[in-house]
Amino acid sequence: MPLRRLPETLVNRIAAGEVIERPAAAVKELVENAIDAGAGQIEVHLRDGGRAFILVTDDGCGMTPEEMDLALERHATSKLPDDDLVHIRSLGFRGEALPSIAAVSRLTLASRSQDMAEGWAISVEGGQRTAKKPAALPKGTRVEVRDLFYATPARLKFLKTARTEGQYVKDTLRRLAMAQPEIGFRLQEEERVALRLEPAGPFSADARLRRLGAVLGRDFAENALPIDAERESLRLTGFIGLPTLNRANSMGQYLFVNGRPVKDRLLLGAIRGAYQDFLARDRHPLVALFLDLPAEEVDVNVHPAKAEVRFRDAGLVRGLIVSACKHALAEAGHRASTTVAQAALGSLRPVLGAEGAAISRPAYAGGAWRPNSLPRGLAEAAHGFHAPLLNLADTPAAPGRSEPDDYAPPGTANPDNAAAYPLGAARAQLHETYVVAQTGDGIVIVDQHAAHERLVYERMKAQIAAKGVERQILLLPEVVELDDAAAEHLASRAGELAELGLVLEAFGAGAVMVREVPALLGQTDTAGLVRDLADELAEYDQTLSLKEKLEEFCGTLACHGSVRAGRRLAVEEMNALLRQMEATPHSGQCNHGRPTYVELKLADIERLFGRR
């Protein structure tokens, strides 16, 4: 067949397929236009999940009739006054949203600028525009989209149920609202208000936290740690949740670059790296991070949907995120999330089963971790890292235990001065497993094994950081074959891997030679470890597998070298454990996110007995 130029309407429909994938994409483009127009209130109405009807109304600057005509032309925009695709200061800039939506729906655009006495409206159906006509509306813009994808029925077949599509729209609005706390948002589905967010006031850290609390829930607001860090020309702000506040997926992780919500594997990998010491691999933290950097350091024009970005110096960005999050977690000290206490109180209130019988609810069901047994021959090594709570004559030492020369028993608490300490003063030990302490306004219940496991683990980490990871030279170096790109990437990170005890070098094309491995790992699958590292470098640009294996071993070692459940403790030992927890970062959770203690306020306990 001869070459021919496609009709303009078909060209627009093809282009629309890149931008408008589902109703949520159309809402995103229209709401971003409203934000760029300086709106203070944005309302969205849906019917049938957005397939039958979408209405977006704002009180922004509005448009003149001439600007409305241009707005429906492809690649017509007011957001690039200098034709500069580098210094982009708006959410939209491609000039594709309105014409793309109009190409696959029946669209009506109505607007009234600030200096106009009346508004104007124009409709587009099947690529054909109607004549402009006056319209009664307040200052701002109103975009009505009917029968989305009627012109491309094949796309309709791939949409999900109305409920699911509506949820996608809600998630899109939530992301945009988190970055714009000074703007009010309202989403109505059919006759139901699905989302209402009032303006949180002038932009500030407090306003941002109020908006995040409204979007992510009160639990996040109560258990969020502030982030504010700078490195060179980059600034990272926002809030991250305590490790004990976690989820089974990464849907609670929100990332913004220069105010733009993005989904970036590098940023998600950096968050995983920051929390890998505190959570099991199948648990994910809640975070909302905002990265601001010069426009020339990031490319936002990667994809028409504008959800992906590329950084000039990805390593600098990753390092800033990891270090800022780890610093905030360290500053939290022994703090655990309030949801732990809420879950504990919930478990004390019986729930009626199907036949009226009372059933119990677990206080903490997520992130549980059961350590593997120690490798043979290494049981004694655990005692080298295990500092006793107190060197009491009546407390028998485990066989082979050795104490460091510089260890000094921590001070004990005055049993009568419970209010002087965050974790209170010990009052009892239950079932040789749980320490009960009294605080100034409640009680604290400590899992003695989990708590001491964390203390030992932190001590091991400090020793490894001071002395480095010991290496074991392989009798016969192992050659691991990979593809050329993976081998080159691994070889380029040889210095970083050597710090973790893995010494390798390039070995021709598409292979690396491993000469030394971390001694802590003992007998390990070297080839499998190297391939895992190559995959993670390709996906996250991080060497997480090796760090996780080392930390898993240290966690196992700490578990077997810690005070076991079933061991009776003296009051002095219990108080010493509490004081060590108060002085040790991250002691509010064990190595995999399980809480080490539960704090119950007196008021909550009184409610259990009907005294309030």
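This structure is a prediction, so every number in the text was calculated from the model and none was measured.
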Output, in order, the C-alpha distance, side-chain angles, deciding distance and verdict of side chain to side chain contact (heavy atoms under 4.5 Å, CB included) for R272 and H284.
CA-CA 8 Å; R272 179 184 165 193; H284 302 268; over 6 Å; no
Start with the C-alpha distance between L187 and V193, add both sets of side-chain angles, then the distance that settles side chain to side chain contact (heavy atoms under 4.5 Å, CB included), and finish with yes or no.
CA-CA 6 Å; L187 170 64; V193 176; over 6 Å; no
With a 3.5 Å distance limit and no angle check, can you tell me whether [X] reaches the backbone of [Y] through a side-chain donor-acceptor pair?
X: N246; Y: P243; result: yes
X: D59; Y: Q41; result: yes
X: S111; Y: G140; result: yes
X: R211; Y: I183; result: yes
X: D147; Y: Y150; result: no
X: T161; Y: T164; result: yes
X: D299; Y: R310; result: no
X: R146; Y: L107; result: no
X: N223; Y: D219; result: yes
X: E190; Y: D48; result: yes

Contact summary for [X] and [Y], nearest pair of heavy atoms:
X: P261; Y: L176; answer: CG-CD2, 3.9 Å
X: L46; Y: G166; answer: CD1-CA, 4.3 Å
X: A324; Y: L236; answer: CB-CD2, 3.9 Å
X: L197; Y: A177; answer: CD1-CB, 3.5 Å
X: A207; Y: G201; answer: CB-O, 4.2 Å
X: A24; Y: T172; answer: CB-OG1, 3.7 Å

Do [X] and [Y] come close enough that some side-chain heavy atom pair is under 4.5 Å?
X: V44; Y: R186; result: no
X: F203; Y: R208; result: yes
X: L55; Y: V143; result: no
X: T237; Y: I227; result: no
X: M116; Y: K139; result: no
X: D228; Y: R235; result: yes
X: F239; Y: V287; result: no
X: M68; Y: W120; result: yes

About how many Å separate [atom2] of [Y] and [atom1] of [X], when rounded to the nearest 0.5 Å?
X: R260; Y: F290; atom1: CZ; atom2: CZ; answer: 14.5 Å
X: L195; Y: R174; atom1: CG; atom2: CZ; answer: 7.5 Å
X: I54; Y: S105; atom1: CD1; atom2: OG; answer: 8.0 Å
X: I271; Y: L286; atom1: CD1; atom2: CG; answer: 10.5 Å
X: K170; Y: R175; atom1: NZ; atom2: CZ; answer: 14.0 Å
X: T108; Y: I122; atom1: OG1; atom2: CD1; answer: 9.5 Å

Over 12 foreign heavy atoms within 6.0 Å of CZ, R142:
no
Considering only residues two or more places apart or on different chains, which pairs with a residue in residues 196-205 satisfy side chain to side chain donor-acceptor pair (under 3.5 Å)?
none
Side chain to side chain contact (heavy atoms under 4.5 Å, CB included), that's the test. Do E43 and V56 meet it? Break it down for me.
CA-CA 6 Å; E43 295 191 8; V56 178; over 6 Å; no
Salt bridge (charged side-chain N to carboxylate O under 4.0 Å, His left out) between K132 and D69, worked out:
CA-CA 9 Å; K132 291 189 295 294; D69 277 328; 2.7 Å; yes
With sequence neighbours excluded, tell me which residues meet side-chain hydrogen bond (donor to acceptor under 3.5 Å, both in side chains) with R210.
none
side-chain hydrogen bond (donor to acceptor under 3.5 Å, both in side chains) with E189: which residues, sequence neighbours excluded?
R192
Determine whether L245 and R247 satisfy the following criterion, side chain to side chain contact (heavy atoms under 4.5 Å, CB included), listing intermediate values before the conclusion.
CA-CA 7 Å; L245 182 68; R247 296 290 182 268; 4.0 Å; yes
Going by an N to O cut-off under 4.0 Å, is there a salt bridge joining K601 and D604?
no
Taking the basic N atoms (NZ, or NE/NH1/NH2) and the acidic carboxylate oxygens, is any pair closer than 4.0 Å for E73 and R129?
yes
Between S113 and T64, does any side-chain donor sit less than 3.5 Å from a side-chain acceptor?
no
Are T141 and R112 close enough that a side-chain donor and a side-chain acceptor fall under 3.5 Å?
no
Among L255, V309, L320, N258, which one satisfies side-chain contact (heavy atoms from CB on, under 4.5 Å) with L291?
L320
Steps toward side chain to side chain donor-acceptor pair (under 3.5 Å) verdict (R231, S323):
CA-CA 10 Å; R231 182 175 296 179; S323 62; 2.9 Å; yes
Test log, rule salt bridge (charged side-chain N to carboxylate O under 4.0 Å, His left out), inputs E165 and K160
CA-CA 6 Å; E165 294 297 336; K160 300 185 183 299; over 6 Å; no
